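The model shown is predicted, which means the values in this text are computed figures rather than measured ones.
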Amino acid sequence: MTPETSAGPGQAPHPRHALAPLLSSAVRLSIVAALAATEKAEFGYVRDLVEITDSALSKQVSRLEEAGWVTVEKGQVGRRPRTWLRLTEDGTAAYRRHLAALAAIAGPLR
């Protein structure tokens with residue numbers, strides 16, 4: 001056992017082990033947080049909210065989609081093509097675990 005992964009007798013592992021490595025990126029965390037607040041969001045809305053370019057959002061969404069945390073839906077509104085993003089159940093669960101781990105690491109504020 002190493003100090004990084006071991007817990008003492010009767011101790012739970014350090015909460016950092018529950019952090020989602022995929023959410024270590026502030027941009028991906030921001031995207032997931034935006035999607036967690038709604039059923040689905042239009043690509044352009046998330047881009048503007050997170051303040052990144054189309055290509056940066058597309059790249060990060062691809063990583064989240066590969067993990068099964070985000071789904072991408074293409075469609076049209078009138079004659080204009082649209083893309084919507086949705087957080088999956090797995091994505092929501094990972095986000096909740098990540099937030100709980102952050103809260104456990106930070107502890108109560110004084």
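Nearest heavy atom pair, residue V77 against residue R82, reads CG2-CG, 3.5 Å. In terms of heavy-atom proximity, P15 sits nearest to A101 at O-CB, 3.4 Å.
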*Run the side chain to side chain contact (heavy atoms under 4.5 Å, CB included) check on T83 and E42 step by step: do they pass?*
CA-CA 6 Å; T83 301; E42 192 173 342; over 6 Å; no
*Does the side chain to side chain contact (heavy atoms under 4.5 Å, CB included) test come out yes or no for T92 and L35, once each step is laid out?*
CA-CA 9 Å; T92 300; L35 296 177; over 6 Å; no
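Heavy-atom neighbours of Q76 CD from other residues, nucleotides or ligands within 6.0 Å: above the threshold of 12. Annotation for K40: atom NZ counts as buried by contact number, over 12 foreign heavy atoms lying within 6.0 Å.
Looking only at side-chain heavy atoms (C-beta outward), L23 and W69 come within less than 4.5 Å of each other. Inter-residue side-chain proximity for V70 and T88 is flagged as unmet; no heavy-atom pair is nearer than 4.5 Å.
Rounding to the nearest 0.5 Å places OG1 of T71 at 5.5 Å from CZ of R86. Taken from CG in L29 to CD in Q60, the straight-line distance is 11.5 Å, to the nearest 0.5 Å. The distance from the CD atom of E39 to the CG atom of L87 is 11.5 Å, given to the nearest 0.5 Å.
For the pair H98 (side chain) and A20 (backbone), a donor-acceptor distance under 3.5 Å is present. Here the side chain of S24 pairs a donor or acceptor atom with the backbone of P21 at under 3.5 angstrom.
Follow the hydrophobic side-chain contacts under 4.5 Å out from W84 and you never reach L64; the two are in separate clusters.
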Throw together a table of side-chain donor-acceptor distances under 3.5 angstrom for residues 43-58, partners on residues two or more places apart or in other chains.
unit_1 : atom_1 : unit_2 : atom_2 : d
R47    : NH1    : D54    : OD1    : 2.8
T53    : OG1    : S55    : OG     : 3.3
T53    : OG1    : A56    : N      : 3.1

